[in-house]
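Quick notes on the structure that follows.
Atom set for the values below is all heavy atoms of this structure, side chains included, hydrogens, waters and symmetry mates excluded. Atoms within a ligand are numbered from 1 in the order they appear, just like the ligands themselves.
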Amino acid sequence: MVTIKDLNTPKKNTWCPGCGNFGILSAFKGALVELGFEREQVVMVSGIGCHGKINDYVNVNGFHGIHGRVLPLATGIKLVNPDLTVIGFSGDSDCYDEGWDHFCHAIRRNIDITLIVHNNMILGLTTGQATSTSMPGFKTKSTPFGAIPPALNPLAHALVAHGTFVARGFAGDPKHLQSLIVEAVRHKGFGYIDVFQPCVTFNYLNTYDWFRKRVYKLQDEGHDVTSREKAIEKSFEWGDRIPIGIFYKEERPTYRDNLTHIKNTPLTKVPIDDVNINSLLEEMK
Ligand SMILES: Cc1ncc(C[n+]2csc(CCOP(=O)(O)OP(=O)(O)O)c2C)c(N)n1
Ligand code: SF4
């Protein structure tokens, strides 16, 4: 079973000191140890942005994809090799802007993977432009007079897209986040966690203090995780009090459970020694 030491890599960490990504990294490593995995079992798939560097800092299999495409990659890996535990890491722009279509449909299909979104409500790597989760009025390089439309509510979208595990964490509370990651990975189906991840360099509005004053834990207040309606109601709570924790959880067959032709024979186990593609190549000449 893996230890925190096994998970370290020699890569120099280039995140800004104090970045919320550190909280996510530590929660994730703690979760892998708690889950008792071997390194070879786990694949991290990450998008483009500061968050995407997380692959470099954890010594497991990794696929650093292109912008917005964490979920198609993670879906493909899981479908052809279901023995692997596949965990996607995306940013708010990566997932909720460029990757939005994939987000809605991977949730609806209930692909058996986990998705952790580093939601700092700004584009970090490109040095501070607004994303679809930036709050209205927020002045950034791309919105000098303030962001205009209402911010997307990704949790509400996940819930109406028939999400089977919908949660929110805070990078400033890595112990709590670790428990959410453990539950999301254990969930059979799409485990989705949006994480408030303060960007200490470009987001001067949604800081650690801003979140600390507002976040509270749903599980401390007896929230019923089996009610989608209550979860949707909670997902709209925003202002002086903002909930974190598990909003909704449900058991439902995964996409692969219904893919009868590959259900019992993963593509990675199909023998290919006697496959001859010469006639196909001839046809294409
Ligand atoms: C196809 C494509 N479009 C745009 C970009 C430029 N780009 C680089 S990182 C990034 C997004 C960064 O924001 P986010 O996903 O929120 O991640 P963060 O850096 O905040 O972790 C973008 C748009 C790109 N690399 N590739
Ligand atoms: S720019 Fe923001 S998100 Fe990127 S490493 Fe620095 S603090 Fe973190």
Side-chain angles (χ1 to χ4, degrees), residues 9 11-29 44-58 62-74 76 87-104 106-107 113-136 138-144 147 149-155 157-158 168-174 177 181 192-212:
T9 72
K11 286 279 167 70
K12 183 175 183 289
N13 193 309
T14 57
W15 287 330
C16 309
C19 173
N21 285 329
F22 286 101
I24 299 178
L25 176 64
S26 120
F28 178 60
K29 284 180 169 174
M44 296 170 74
V45 182
S46 69
I48 299 296
C50 298
H51 65 275
K53 299 178 191 174
I54 196 165
N55 259 348
D56 288 349
Y57 310 140
V58 189
F63 194 135
H64 197 162
I66 53 170
H67 193 38
R69 306 294 176 251
V70 168
L71 288 173
L73 286 167
I87 303 164
F89 295 83
S90 198
D92 43 313
S93 175
D94 192 69
C95 188
Y96 305 143
D97 291 340
E98 195 124 349
W100 183 245
D101 288 8
H102 302 301
F103 176 66
C104 300
I107 287 180
I113 55 180
T114 305
L115 173 70
I116 297 172
V117 181
H118 302 220
N119 185 359
N120 52 22
M121 299 148 113
I122 198 151
L123 285 105
L125 193 70
T126 51
T127 72
Q129 297 80 14
T131 68
S132 45
T133 54
S134 297
M135 288 173 67
F138 182 36
K139 289 186 180 160
T140 69
K141 281 184 183 163
S142 61
T143 56
L152 266 187
N153 182 340
L155 276 88
H157 277 276
R168 184 196 274 143
F170 171 40
D173 189 346
L177 180 58
I181 297 174
Y192 160 58
I193 313 173
D194 178 83
V195 183
F196 290 141
Q197 175 253 312
C199 167
V200 293
T201 303
F202 296 110
N203 192 331
Y204 57 86
L205 176 65
N206 309 106
T207 61
Y208 284 99
D209 276 353
W210 191 91
F211 287 115
R212 277 201 188 104

Presence of N, O or S from C199 under 2.8 Å of atom 2 (Fe) of ligand 2: yes
CG-OG1 distance between D94 and T131, expressed to the nearest 0.5 angstrom: 11.0 Å
Test item: N21 and C50 side chains (from C-beta on) under 4.5 Å apart, heavy atoms: yes
Ligand 2 contacted by Q197 (non-hydrogen, < 4.0 Å): yes
Interatomic distance, S93 atom OG to L123 atom CG [nearest 0.5 angstrom]: 4.0 Å
Atom pair CD1 (I193) and CD1 (I87), whose distance is rounded to the nearest 0.5 Å: 9.0 Å
Heavy atoms of other groups near K11 NZ, more than 12 under 6.0 Å: no
For ligand 2, the portion of C50 having any non-hydrogen atom under 4.0 Å away: side chain
Sub-4.0 Å atoms of ligand 2 with respect to non-hydrogen atoms of C19: 3 (S), 5 (S), 7 (S), 8 (Fe)
CD1-NE2 distance between I116 and H51, expressed to the nearest 0.5 angstrom: 11.5 Å
Per-atom contacts, ligand 2 versus N120 - under 4.0 Å to a heavy atom: 3 (S)
Option among F28, Y57, F63 that satisfies the ring pair (Phe, Tyr, Trp, His ring centres under 6.0 Å) test with F89: F28
Atom indices of ligand 2, in the order listed, that fall short of 4.0 Å to a heavy atom of W15: 5 (S)
Metal site atom 8 (Fe) of ligand 2: N/O/S of C16 inside 2.8 Å: no
Residue contacts for ligand 1, heavy atom to ligand atom, distance under 4.0 Å: I48, G49, C50, H51, H67, G91, D92, S93, D94, E98, N120, I122, L123, G124, L125, T126
Approximate separation, where rounding is to 0.5 Å, of F202 CZ and I122 CD1: 7.5 Å
Distance-only side-chain donor-acceptor flag, D194 / Y96, under 3.5 Å: yes
Ligand-residue contact atoms, ligand 2 with F202, heavy atoms, under 4.0 Å: 1 (S)
Ligand-residue contact atoms, ligand 2 with V200, heavy atoms, under 4.0 Å: 7 (S)
For T201, atoms of ligand 2 separated by under 4.0 Å from a heavy atom: 6 (Fe), 7 (S)
Geometric class of the W100/H157 ring pair [parallel <30°, tilted 30-60°, perpendicular >60°]: perpendicular
Output field: ring centroids Y208/F196 closer than 6.0 Å: no
